[in-house]
Every structure is written in C-alpha cells, then in structure tokens.
Amino acid sequence: MQIKDETETNLINLRRTIYLTIMSSVDFEEAGHKLLKIKLEPGQEMELCIMLLECCSQERTYLRYYGLLGQRFCMINKIHQENFEKCFVQQYSMIHRLETNKLRNVAKFFAHLLGTDALPWHALAYIRLTEEDTTSSSRIFIKILFQEMSEHLGIRLLNERLNDPTMQDSLDSIFPKDNPKNTRFAINFFTSIGLGGITENLREYLKNMPRLIMQQQKPVSESDDESGSSGSESESSSSSSDDSDSESDDSRRKRRRRR
C-alpha cells in the first residue's frame with residue numbers, strides 16, 4: 001500500500017525553509033546561493049516565486065533586496081521568469097484585495113523586474129487602462145509601477161521603450177486608441193501622475209483622429225457612388241432595350257396591315 005500525504009506537510013515545510021532562508025540572509029547574493037541549494041521537485045518552482053513576493057509584500061517599506069533577488073532568479077532560469085510573469089497576472093487580478101502598503105511593495109517589486117528587463121514587457125498587455133476596466137486599487141498599482149520605472153530608467157528612455165514598434169501590440173491596452181473617451185482617460189491619467197511626457201503619441205493621435213475618421217469614411221462614400229452610378233447605367237440600358245423592343249413590335253404590325 002502506498003500512503004499519500006494529503007495534509008501538504010512537505011509543501012508547508014518547503015515554504016518555511018524558503019522563508020527562513022530569505023529572512024536570515026545578509027544580502028541577495030547569499031540568499032540566492034542558499035535558495036538554489038534547496039531541492040525543488042518538478043512544479044515546485046512556483047512556490048519560490050510566491051514566497052519571495054509574499055515576503056516582499058509583508059515588509060513595512062519596500063526593500064531593494066527582494067527586487068535584486070527576483071532579478072537574479074529570472075536571469076538564472078527562464079522557468080522563474082515565466083513564474084514571475086504568472087505572479088504578475090495573478091497579483092493584478094487580485095489587486096483590490098491588497099492593503100495600500102502591500103500594494104505599494106508589490107508594484108515596486110515588479111517595476112524593478114521590468115526596469116531591469118528581468119521580466120518581459122509583454123506582461124503589461126494584461127493591464128487595460130480605461131475607466132471601466134480599472135478600480136482605485138489598480139490605478140494606484142499602475143501609478144506606482146510607472147513612476148518607479150520612470151525613476152529607474154529615466155523619462156526619456158522609458159518613452160523610447162514604450163514607443164518601440166515591437167512593443168505596440170503589448171501596450172495597446174495601456175495606451176488605447178479604440179475610442180476617443182479611452183484615449184483621453186489614459187492621457188489624463190498619466191498627466192495627473194506627472195508622466196504626461198509618455199503620452200505624446202496619444203495626444204498626436206487624438207488630434208488627428210477626426211481626419212483619420214474622414215479618410216476612413218471617404219472610401220465608403222466613393223464605393224456607394226460607384227454602385228449608384230452602375231445602377232443608373234443598368235436602368236438606362238434596360239429602358240433603351242425596352243424602347244427598341246416596342247419599336248420592333250410597331251413595325252411588325254404595320255407590315256401585317258399592308259399585306
């Protein structure tokens with residue numbers, strides 16, 4: 001008989017070991033060295049990322065120690081990078097449950113990973129910055145996230161990264177261009193948090209939006225005109241054919257009378 005432990009004792013012991021290792025280390029290099037020695041079974045890599053993020057959120061103020069440790073793990077193994085990306089999605093979906101202090105620490109942690117390219121920027125595609133899709137908690141999270149990235153990279157470099165053509169598919173949800181209302185909301189949001197410089201493209205797009213709409217409507221009107229003209233030509237041709245038929249009938253009747 002094989003006995004299976006349903007009390008998750010091994011998982012609890014693993015989390016305790018990770019927690020004690022993180023809290024007892026002098027710096028992030030020592031913590032990373034000790035954590036790599038822990039034997040993780042397949043599928044348990046996620047527990048390391050969850051515990052690191054949990055320890056970071058429990059601190060009174062954000063400690064750069066956790067960001068450097070997370071960056072080290074992302075650089076060592078791609079599995080950890082993917083797990084931190086999943087953690088980003090999970091944390092943002094449950095951001096309304098976090099207290100303000102935890103929310104601030106989590107936002108600064110992920111801002112460090114994004115600012116150092118430890119976390120791929122396509123993770124930002126999960127954020128949709130509109131009035132309907134955000135709450136007060138998610139707006140605070142986005143505010144702290146971008147302010148920290150601006151301090152880490154500088155406003156000019158941040159603007160260059162956000163305007164990278166290869167990043168546009170991932171950033172369309174943060175800088176929406178589907179509706180003038182959503183575009184104005186995004187511009188006002190970033191302007192209110194002191195990052196109006198990264199909305200120059202949005203402002204230009206909003207200014208040229210009436211002209212773009214007119215250009216889109218022009219081909220439609222032209223196609224309607226062409227279809228109308230073709231219809232009138234067909235009607236005139238049909239009327240001319242009817243007239244010729246009537247003339248042929250009259251000539252036949254006259255010939256019969258003469259006979």
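What you see is a predicted model, and the numbers here were worked out from it, not measured in a lab. What's counted below: heavy atoms across the whole structure, side chains too, no hydrogens, waters or symmetry copies.
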field: P120 side chain near Q81 side chain, heavy-atom distance below 4.5 Å
entry: yes
Validation row: E132, N182 side chains within 4.5 angstrom (heavy atoms): yes
- prompt: If you take all heavy atoms of I155 and L195, which pair is closest and at what distance?
  reply: CD1-CD2, 3.8 Å
message: Is there a side-chain contact between T134 and F185 in this structure, where contact means two heavy atoms from C-beta onward sitting under 4.5 Å apart?
response: yes
- prompt: Do you know the tightest heavy-atom contact between P176 and L202?
  reply: O-CD2, 3.7 Å
task: Could you check N13 against R16 for side chain to side chain donor-acceptor pair (under 3.5 Å), going step by step and ending with a plain yes or no?
output: CA-CA 5 Å; N13 290 334; R16 183 184 294 114; 2.8 Å; yes
query: Taking a hydrophobic cluster as the set of Ile, Leu, Val, Met, Phe, Trp and Tyr residues connected by side-chain heavy atoms closer than 4.5 Å, whether directly or through intermediates, do L53 and M23 fall within one such cluster?
result: yes
- request: Decide whether E54 and Y19 meet the rule of one side-chain donor and one side-chain acceptor closer than 3.5 Å.
  value: no
field: Side-chain heavy-atom pair H33, K37 within 4.5 angstrom cut-off
entry: yes
query: Does any non-hydrogen side-chain atom of L124 lie less than 4.5 Å from one of W121?
result: yes
field: Under-4.0 Å salt bridge between K34 and E30
entry: yes
field: Atom of T135, atom of S138 and distance for their closest heavy-atom approach
entry: N-OG, 2.6 Å
message: Below 30° counts as parallel, above 60° as perpendicular, anything between as tilted: where do the rings of F88 and F110 land?
response: perpendicular
field: S173 to I127 - nearest heavy-atom pair and separation
entry: OG-O, 2.6 Å
Pair E204 + K207: basic N to acidic O under 4.0 Å: yes
- prompt: Would you say the side-chain atoms of D133 and T130 include a donor-acceptor pair closer than 3.5 Å?
  reply: yes
query: Does the pair D27/R72 count as a salt bridge with the N-to-O cut at 4.0 Å?
result: no
- request: Could you tell me how the ring of F141 sits relative to the ring of Y92: parallel (under 30°), tilted (30 to 60°) or perpendicular (over 60°)?
  value: tilted
field: Check: N105 side chain, E59 main-chain N or O, donor-acceptor pair, under 3.5 Å
entry: yes
message: Distance alone, cut at 3.5 Å: any donor-acceptor contact between the side chains of S192 and R139?
response: no
message: Using side-chain heavy atoms (C-beta onward) and a distance below 4.5 Å, is S137 in contact with L103?
response: yes
- request: Answer yes or no: is there an ion pair linking E131 with R184, defined by an N-O contact shorter than 4.0 Å?
  value: no
- request: Check the hydrophobic clustering (I, L, V, M, F, W, Y; side-chain heavy atoms under 4.5 Å; chains of links allowed) and say if L63 and L114 are grouped together.
  value: yes
task: Using the rule that two of Ile, Leu, Val, Met, Phe, Trp, Tyr join whenever any of their side-chain heavy atoms come within less than 4.5 Å, decide whether L40 and I79 are in one cluster.
output: no
- prompt: Just wondering, do H152 and T116 contact through their side chains at under 4.5 Å, heavy atoms?
  reply: yes
query: Given the rule in the ring pair (Phe, Tyr, Trp, His ring centres under 6.0 Å) test, do F109 and Y65 qualify, once you have shown the distances and angles that lead to the verdict?
result: CA-CA 10 Å; F109 175 81; Y65 164 83; over 10 Å; no
- prompt: Are R161 and D117 within salt-bridge range, i.e. N to O under 4.0 Å?
  reply: yes
message: Quick check: closest heavy atoms across E41 and E45, and the distance to 0.1 Å?
response: O-OE2, 4.1 Å
message: Is there a continuous path of hydrophobic side-chain contacts, each under 4.5 Å between heavy atoms, that joins L206 to I198?
response: yes
field: Beyond-backbone contact of M149 with L145, side-chain heavy atoms, under 4.5 angstrom
entry: yes
query: When you measure from the side chain of T21 to the backbone N and O of L35, does any donor-acceptor pair fall under 3.5 Å?
result: no
- prompt: Y62 ring centre to K108 NZ or CZ under 6.0 Å, with the angle to the axis within 45°?
  reply: no
Short side-chain donor-acceptor distance under 3.5 Å, H112 and Q71: yes
- prompt: So if you build clusters from Ile, Leu, Val, Met, Phe, Trp, Tyr with side-chain heavy-atom gaps below 4.5 Å, do I140 and I142 land together?
  reply: yes
field: Aromatic ring pairing F146/F190, orientation class (parallel under 30°, perpendicular over 60°, tilted between)
entry: perpendicular
- prompt: What's the shortest heavy-atom distance between N101 and S57, and which atoms?
  reply: ND2-O, 4.4 Å
